[in-house]
Every structure is written in C-alpha cells, then in structure tokens.
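Here's the structure we're looking at; comments come further down.
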Number of protein chains: 2
Amino acid sequence: MSESREPRARVIPEATVARLAVYLRVLTGLADAGRASVSSGELASAAGVNPAGLRKDLSYLGPCGVRGVGYAVPALRERLARALGVEQSRSCVLVGMGNLGSALAGYAGFGTRGFSFVGLLDADPARVGDVVGGTAVRPVDDLEQVVAEHGVTIAVVTTPAPVAQSVCDRLVDAGVRSIVNFAPVALQVPAGVDVRQVDLSVELQVLAFLDQQKGVQVVGEQVVLP
Amino acid sequence: MSESREPRARVIPEATVARLAVYLRVLTGLADAGRASVSSGELASAAGVNPAGLRKDLSYLGPCGVRGVGYAVPALRERLARALGVEQSRSCVLVGMGNLGSALAGYAGFGTRGFSFVGLLDADPARVGDVVGGTAVRPVDDLEQVVAEHGVTIAVVTTPAPVAQSVCDRLVDAGVRSIVNFAPVALQVPAGVDVRQVDLSVELQVLAFLDQQKGVQVVGEQVVLP
DNA sequence: CGGACTTTGTTCCTGCGTTCACAAGCGGTT
DNA sequence: AACCGCTTGTGAACGCAGGAACAAAGTCCG
C-alpha cells in the first residue's frame, strides 16, 4: 500500500463528506435496480443537490466519471464506500435504551452501512437483558469493558440530559474518540474527540421560525398579512 | 401592533436561528436554577459556541444585555421565546408510528417548547388506536382531515423510505408548508415549502470518516501510522 | 474518418458565516 | 463626583461553501 496511490484531494470538507454519504445511499438504490450508469444531473436530483456541486464533491476523490457518458454506478459506489471507510465494519456502542435508543438499535439501515452495535447499555435494571436488533442490553457498568473488548471508537449517546456528560466522560476515558449525542446538552470533551450534536427539537424550532416568517410578507416598507 | 416596534434585524440567518433555540434551552435551565444574569462567556460555554458569535447572534434581536454586567436571564429568555415564536403553541402532525415516530411522539421536550402533536398517523391498522404521549394513533387516511381541522402547517415524517414521497405530496396538498423528514430520501417539494432533512446514518458516517482520518497522521510528506 | 453533441472536471466569482479585535457603556469604588 | 475594570455590541477581515460558466474529453452518427 503505497501512500501515493491516491494522487489527489488531501482534505475533504465536512459538508462534502455528509453529501457523499447521501450519494452512496442513492447509488446503492440504483445498483439494486440494475442501473449501470448515471449522469450528475440525475444523481443530483435524487440527492437533492445542485449538479455542479455534486461534480465538485466527487472530484475530491479524483476523476471517476466518463465525459459524455456519466458515472458507472458500481465503480462509483465502490469508490465512495472506500473513501467513507464503509468497507471495514465499525464497532459502536449505544448508551441509553429509551424510546430513541431502541429505535436506533433496531434500525437495520446501520448494519448495511458498515456499523454494528456491539454494545447496548442502559442504567435501568428492568431493561437489561432485553434483546433489541439481535443484541442484548447490558448494564451501563459494563461500559469500559465493552469498549475495551471490541476496540470501540464510536459511541451514540441517547441518555437523559442530566447524565449525558458523565456518560460522555466515561466513554472518552475508555478510549472513544467520536460521539453522536442526541441528549439536549452541549458535551464538553477534550481536544481530539469529535462530537456531532443532533437536536430534534431544534430542527422543529427552526422550521417553526421559518414558518412564522412565511406568514408575514414584507413588500417595500409595508407589512402584508395574508 | 406597530411594525416599527422592533428597530433592528430584518433577517436572521438560519444558522443563527438554530443556535438561538439552543440558547433558549440553556436559559430555561438557568432560570429553573434561579440564576438572575449570565455573561456571554458562560452562556457560550454551555451552548458550545464562541462567545463573540453568541453576542452577534443575540444582536440580531437588538441590544438585550447590560454592558459590564451581562444578560438578565428571564428577560432574555422571554425575548428569545418571542423571536422563535414559541409563545403560541404550534400544531404538528406526525406520520409513521414506528420505533422512531413513537420515540418522538413520546418525547416530552416538544410540549415544553410550544409544539403539540394533534395527529399521530400510521398506515398499519394494528397500530391505530394505540395511545402515545396522550394522543391516539389514527389511520393515515385521516391525514387531510386532521390537517384541515387544526390548521396544521408543520409535519414530521418518520415513515419507511418508499412511501415518504407520497406522504409528503399529500401533506403539501393538504396545506402543510414545513416538513421535518427522517426518511432517508430527498423529498421533492414545490417552492414555498421547507424541508429539513435529518439523516441519522449520515451523522454516523461523517463521524466514521473523521475517525478514520484521525488514525492517519500526516507529518510533512510522511504518513505516520500510530 | 471527421464533426457535433453530450457530459464531466475545473475555475472563477459571489455571498455567507465565523472569528478576531476594538470602541462604547455601565456599575462599583474611592 | 470621577476613575477603573468589566462586559456588551459592532465593525472589519478571513476563510469557506455554493453556483454559474467554460474548457476538456469521449462517444455517437453521418
């Protein structure tokens, strides 16, 4: 494995990475449908983005299309999967088996994208032993042990807000370097640890704000109430 | 209600609106703890953002702090709530009562932020009649009726991917103008309708990508494998 | 075999978001 | 009453993402 195998694109913007994951999902659907090639326009439409932006995103991986024809679906799919690191299955732990945690653990879409939950943890003894998505729930005291056993580096936090920070601290101490946090608090982590905050009520509030603004049309200096 | 009541800030960037919702949540916690005032530094730390950025965000609402002192917690909370439109309760419908839909419908955090689910809809007759979060599940055929009854303009879609687009079309035809979509497809909507896409597996894949890049340190021209 | 059409890859440019840094203003203190 | 320190609010610069337009390249057809 020479380090000069990839001749381009040292750094890929985070916004582009997120879109690449979407492209990969669309391509998987096209491959299942038996499609051999796609144009940037069709792919962009299915992904909900601008065609030129899609081509720029893909160009970070180096040239991977054929001019005048389009992109070969299986080859592009393979290339995206390698770039995103989907080829190797990644072990994750999920802490907090409430409604949301159970929904995530039972979602089959993660397994097909290279993620496997090797540990489902909860503090409630009544939930320990339940089997969700083929994995048994273990007590949260096993956190460090599970992380060490499987070399876990990615964790999903779906605990109540008051305990999210302490769970996060334990995860980081155990060696986890990447966390998706659904609890509505901003986690404090040392440098080198990535946190992605997913806040469901914030999404709704942004929509409500845009919705309320839509109701008020400003024409010149005059406010028109429809 | 004169239109010159608010002397500033005609347009608020969407990124700022999302952060304002976070500030509002932090402020509510501080108010419950009995705090009377906060500095931008403390508030920014709790929200996980830059202090200067926080002050700029708040400045879109006009001056609302006291120099040398900080921000009055109750007053700022009230101001944010008004700006985000939390004062008036907003009626929403939720389509797709699977694991994720049930988790969202049962989440008490929405109710305290001005949202009430007036309709929970599902296509599965076995789920119809279940009571989640105090509301009974109704058949998806009632969609148009529920939207019209309550004047709903906001909808949450948690259906399986194959039916998300058709559900979306029905929602838009019924008058819904804002949609949060959890199904892993890009919804096609006419102009004037806002869609916020929440893709849980994309979040994980972005983390996995950053995680895999963290494993490779590039020093000068040399690649160092730890 | 050559030309024209189609589609990619790239470059430029515009606009937005974020960050830094400084001036303005208020409370506390002497 | 005046000074000093602290915090807000704002102005400017930087960097980045997004979009449009153009050039390169390959295929299909005459």
Side-chain angles (χ1 to χ4, degrees), chain A residues 6-23 27 30 35-73 75-76 79-80 83 186 197 202 206 209-210, chain B residues 6-23 27 30 35-73 75-76 79-80 83 186 191 197 202 206 210:
Chain A
E6 305 282 340
R8 290 173 181 274
R10 288 285 159 267
V11 58
I12 303 181
E14 198 169 305
T16 292
V17 174
R19 285 189 295 268
L20 291 180
V22 176
Y23 306 154
L27 283 169
L30 290 173
R35 288 287 302 271
S37 70
V38 228
S39 68
S40 65
E42 185 180 356
L43 198 55
S45 172
V49 299
N50 186 291
L54 180 138
R55 292 199 295 272
K56 179 175 288 188
D57 286 340
L58 294 181
S59 74
Y60 282 104
L61 311 177
C64 40
V66 181
R67 295 174 192 235
V69 179
Y71 299 93
V73 171
L76 184 57
R79 193 154 191 173
L80 281 177
Q197 179 75 27
V202 166
V206 172
F209 177 82
L210 298 175
Chain B
E6 305 283 339
R8 290 173 182 273
R10 286 287 160 266
V11 59
I12 303 180
E14 196 169 306
T16 293
V17 175
R19 284 189 296 266
L20 291 181
V22 176
Y23 306 153
L27 283 170
L30 290 174
R35 288 287 303 272
S37 70
V38 229
S39 68
S40 65
E42 184 180 357
L43 198 53
S45 171
V49 300
N50 187 291
L54 180 137
R55 292 198 296 272
K56 178 163 286 193
D57 285 340
L58 293 181
S59 75
Y60 282 103
L61 310 178
C64 39
V66 181
R67 299 176 190 235
V69 178
Y71 300 92
V73 171
L76 185 57
R79 193 153 194 175
L80 282 177
Q197 180 75 27
V202 166
V206 172
L210 298 175

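Chain letters run A, B, ... following the sequence lines, proteins first and then strands; every chain starts at 1. What you are looking at is a predicted structure, and each value in this text was computed from that prediction instead of being measured.
Of the candidates dG9(C), dA17(D), dT8(D), the closest approach to any side-chain atom of R55(A) belongs to dG9(C). Counting only heavy atoms from C-beta on, R19(B) has its side chain closest to dT18(C) among dT8(D), dT18(C), dA21(C). Each of dT8(D), dT7(C), dT11(C) was ranked by its minimum atom distance to the side chain of R67(A); first place goes to dT7(C).
Spacing between atom CG of L61(A) and atom C1' of dT8(C) amounts to 14 Å, rounded to whole angstrom units. Distance CG (L76(B)) to C1' (dT8(D)): 12 Å, rounded to an integer number of Å. Straight-line distance from the OH atom of Y60(B) to the C1' atom of dT18(C): 10 Å, rounded to whole Å. The separation between L58(B) atom CG and dT10(D) atom C1' is 14 Å, rounded to whole Å. Across the protein-nucleic acid pair, L43(B) atom CG and dG9(D) atom P stand 12 Å apart, rounded to whole Å. If you measure from atom CG of L54(B) to atom P of dT19(C), you get 12 Å, rounded to the nearest angstrom.
The phosphate of dG9(C) (OP1 or OP2) has a side-chain N or O of Y71(A) nearer than 4.0 angstrom. For N50(A), no side-chain nitrogen or oxygen approaches OP1 or OP2 of dA17(D) to under 4.0 Å. Taking only side-chain nitrogens and oxygens, S40(B) comes nearer than 4.0 Å to OP1 or OP2 of dT8(D).
Across all strands shown, G70(A) has heavy atoms under 4.0 Å from sugar-phosphate atoms exclusively, and none from any base.
Mapping P13(A) and V69(B) onto DNA chain D by nearest heavy atom places V69(B) closer to the 5' end of the strand. Residue order along DNA chain D, read from the 5' end via each residue's closest nucleotide, puts E14(A) first among E14(A) and G68(A).
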- Query: So R35(A) and E42(A), salt bridge (Lys or Arg N to Asp or Glu O under 4.0 Å) or not? Walk me through it.
  - Reply: CA-CA 12 Å; R35(A) 288 287 302 271; E42(A) 185 180 356; 2.9 Å; yes
- Task: Report the C-alpha distance between Y71(B) and S37(B) in whole Å, list the side-chain angles of each, state the deciding distance to 0.1 Å, and finish with yes or no for side-chain contact (heavy atoms from CB on, under 4.5 Å).
- Result: CA-CA 5 Å; Y71(B) 300 92; S37(B) 70; over 6 Å; no
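Here the side chains of V202(A) and V206(A) are in contact, with some heavy-atom distance below 4.5 Å. The closest side-chain heavy-atom distance from L43(A) to L76(A) is below 4.5 Å.
Note that CG of D57(A) and CG of L20(A) are 5.5 Å apart. Values are rounded to the nearest 0.5 Å.
At a cut-off of 3.5 angstrom, counting only N and O atoms as typed in the model, there is a donor on one side and an acceptor on the other between the side-chain of K56(B) and the base of dT19(C).
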